[in-house]
Trainee: 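Sending over a structure as structure tokens; questions will come in a sec.
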Amino acid sequence: MIILASASPRRQELMRQAGFEFAVRPAEVDETNTDPSPAKRVEELSARKARHVYETSREIEDCIVIGSDTLVASGETILGKPKDRDEAIEMIRRIAGTTHEVHTGVTVMWREDGKDRSCTWSETTEVEVYPMTEEEIAAYADSGEPYDKAGGYGIQGAFAVYVKGIRGDYNNVVGLPLASLWQRMKKLGLLEKVMEERFDG
């Protein structure tokens, strides 16, 4: 059984898109992390989330837990989720007319041969944004879309009209690098396990 350690509707939609059957158990963990490397930061937080849910789901036999964390980096500045309108405007103004990076860390935890195992990695996508006027920035902030998203925007939403281009995995910007997750699980022999369980069920 797959357990997604995230309440994100975007990650859940991507999991369904791939054909995964899964349960949702959001991780409630301390997300404080000051590692200067964005990649290492999201890797650590994804592992922390996966570990918490894995440890509290031991009653489920053969569970596979997937934890994920996404952040946006503009130069040396890490952009999390804006707390209010002013912060949303500040974030959008910062990325407008520039190229920034979106980092997503993923951790998969499972039990094999009586031992707990895990695999953690991260993906990085570069996103180039068209210049935006102050009116456009304010209008987007007022749309309500920025407030539960790293960097203050959703590439799959209204902000799409300002995205000039990307280099890397589009789904990584949405919140889950679906292709690399699939390939890692395939390499680890977990896809076969998941498909067998579905067939047996």
Side-chain angles (χ1 to χ4, degrees), residues 4-15 26-50 66-107 120-178 180-181:
L4 180 63
S6 173
S8 166
R10 293 166 294 281
R11 291 191 182 117
Q12 292 172 37
E13 180 57 35
L14 287 171
M15 291 284 286
E28 297 180 4
V29 298
D30 176 12
E31 297 193 28
T32 303
N33 188 308
T34 58
D35 195 304
S37 166
K40 290 181 179 178
R41 187 180 297 198
V42 292
E43 287 175 11
E44 164 58 27
L45 289 176
S46 75
R48 198 179 296 178
K49 292 175 181 180
I66 298 172
S68 186
D69 189 79
T70 300
L71 63 76
V72 172
S74 175
E76 299 295 319
T77 303
I78 302 298
L79 304 179
K81 299 175 182 178
K83 300 180 182 66
D84 53 35
R85 183 179 186 273
D86 288 343
E87 195 168 44
I89 288 176
E90 182 181 343
M91 286 185 184
I92 300 163
R93 185 183 289 139
R94 186 179 186 90
I95 64 174
T98 69
T99 298
H100 62 273
E101 295 180 336
V102 179
H103 304 267
T104 298
V106 183
T107 295
T120 298
W121 72 98
S122 61
E123 294 286 334
T124 300
T125 301
E126 294 182 353
V127 181
E128 185 178 2
V129 180
Y130 280 108
M132 298 172 66
T133 66
E134 287 298 311
E135 290 76 13
E136 289 172 327
I137 292 170
Y140 183 70
D142 290 337
S143 73
E145 199 171 89
Y147 299 104
D148 64 338
K149 299 172 181 67
Y153 76 95
I155 194 170
Q156 74 285 5
F159 196 79
V161 297
Y162 301 114
V163 177
K164 187 173 183 179
I166 69 169
R167 176 179 292 180
D169 184 351
Y170 169 85
N171 289 327
N172 190 55
V173 186
V174 179
L176 188 67
L178 197 57
S180 70
L181 173 62

Trainee: Can you tell me how far the CG atom of Asp69 sits from the CZ atom of Arg48, to the nearest 0.5 Å?
Mentor: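 The CZ atom of Arg48 is 9.5 Å from CG of Asp69, to the nearest 0.5 Å.
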
Trainee: Taking all atoms of both residues into account, what is the closest heavy-atom pair of Ile78 and Pro38, and its distance?
Mentor: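 Scanning both residues, the minimum pair turns out to be CD1-CG, 3.8 Å.
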
Trainee: Let me confirm one number: the CD-NZ distance from Glu87 to Lys81, rounded to the nearest 0.5 Å.
Mentor: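 Rounded to the nearest 0.5 Å, the CD-NZ separation comes out at 12.5 Å.
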
Trainee: Could you check whether any side-chain heavy atom of Tyr162 comes within less than 4.5 Å of a side-chain heavy atom of Val127, counting everything from C-beta outward?
Mentor: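 Of all side-chain heavy-atom pairs linking Val127 with Tyr162, none is under 4.5 Å.
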
Trainee: Which pair of non-hydrogen atoms, one from Gly105 and one from Ser46, has the smallest distance, and what is that distance?
Mentor: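 The answer is O-CB, 3.4 Å.
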
Trainee: For the residue pair Phe159 and Tyr140, is the inter-centroid distance of their aromatic rings smaller than 6.0 Å?
Mentor: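 Yes, the ring centres sit under 6.0 Å apart.
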
Trainee: Applying salt bridge (Lys or Arg N to Asp or Glu O under 4.0 Å) to Arg94 and Glu90, what does each step give before you reach the verdict?
Mentor: CA-CA 6 Å; Arg94 186 179 186 90; Glu90 182 181 343; over 6 Å; no

Trainee: Between the main-chain N or O of Glu136 and the side-chain N or O of Thr133, is there a donor-acceptor pair closer than 3.5 Å?
Mentor: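 Indeed, once roles are kept as given, a pair shorter than 3.5 Å links the two residues.
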
Trainee: Which atoms form the tightest heavy-atom contact between Gly67 and Ala5, and what is the distance?
Mentor: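 It is CA-CB, 4.2 Å.
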
Trainee: Which distance, rounded to the nearest 0.5 Å, do you find between the CG of Leu45 and the NE2 of His103?
Mentor: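 Spacing of CG (Leu45) from NE2 (His103) equals 13.0 Å.
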
Trainee: Determine yes or no for a side-chain-to-main-chain donor-acceptor pair under 3.5 angstrom, with Glu145 supplying the side chain and Ala158 the backbone.
Mentor: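 Flag set: sc Glu145 to bb Ala158 pair under 3.5 Å.
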
Trainee: Val174 versus Ile155: any side-chain heavy-atom pair under 4.5 Å?
Mentor: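 The answer is yes; the side chains approach within 4.5 Å.
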
Trainee: Pro146 versus Met91: any side-chain heavy-atom pair under 4.5 Å?
Mentor: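 A side-chain contact is absent here, since even the closest heavy-atom pair is not under 4.5 Å.
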
Trainee: Testing the basics here: between Gln12 and Ala7, what is the closest heavy-atom pair and its distance to 0.1 Å?
Mentor: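 Looks like NE2-O, 3.2 Å.
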
Trainee: Under 3.5 Å, is there a donor-acceptor pair linking the side chains of Glu43 and Ser122?
Mentor: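 Short answer, yes.
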
Trainee: Kindly say whether Ser68 contributes a backbone atom to a donor-acceptor pair with the side chain of Lys49 at under 3.5 angstrom?
Mentor: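 Checked: pair present.
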
Trainee: Check the pair Tyr170 / Val102 against side chain to side chain contact (heavy atoms under 4.5 Å, CB included), numbers first and verdict last.
Mentor: CA-CA 10 Å; Tyr170 169 85; Val102 179; over 6 Å; no

Trainee: How close do Thr70 and Ala150 get, heavy atom to heavy atom, and via which atoms?
Mentor: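 The answer is O-CB, 3.7 Å.
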
Trainee: When rounded to the nearest 0.5 angstrom, what distance separates OG1 in Thr104 from CG in Asn172?
Mentor: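 Reported value, rounded in 0.5 Å steps: 4.0 Å.
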
Trainee: At what distance, to the nearest 0.5 angstrom, does CG of Leu181 lie from OG1 of Thr107?
Mentor: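 Reported to 0.5 Å precision, the distance equals 11.0 Å.
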
Trainee: Contact between Asp148 and Arg10 at the side-chain level, heavy atoms closer than 4.5 Å - yes or no?
Mentor: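 Of all side-chain heavy-atom pairs linking Arg10 with Asp148, at least one is under 4.5 Å.
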
Trainee: Looking at CG of Leu178 and CZ of Arg11, how far apart are the two atoms once the value is rounded to the nearest 0.5 Å?
Mentor: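 Taking CG in Leu178 and CZ in Arg11, the distance rounds to 12.5 Å.
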
Trainee: Just checking Glu28: does its CD atom have more than 12 heavy atoms from other residues, nucleotides or ligands closer to it than 6.0 angstrom?
Mentor: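 Open.
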
Trainee: Please determine, by modelled atom types, if Arg167 and Thr99 share a side-chain donor-acceptor pair under 3.5 angstrom.
Mentor: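 Side chains of Arg167 and Thr99: no pair found under 3.5 Å.
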
Trainee: For Val173 and Tyr153, work out which heavy atoms get closest and say how close.
Mentor: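 Closest heavy-atom pair between Val173 and Tyr153: CG1-OH, 3.7 Å.
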
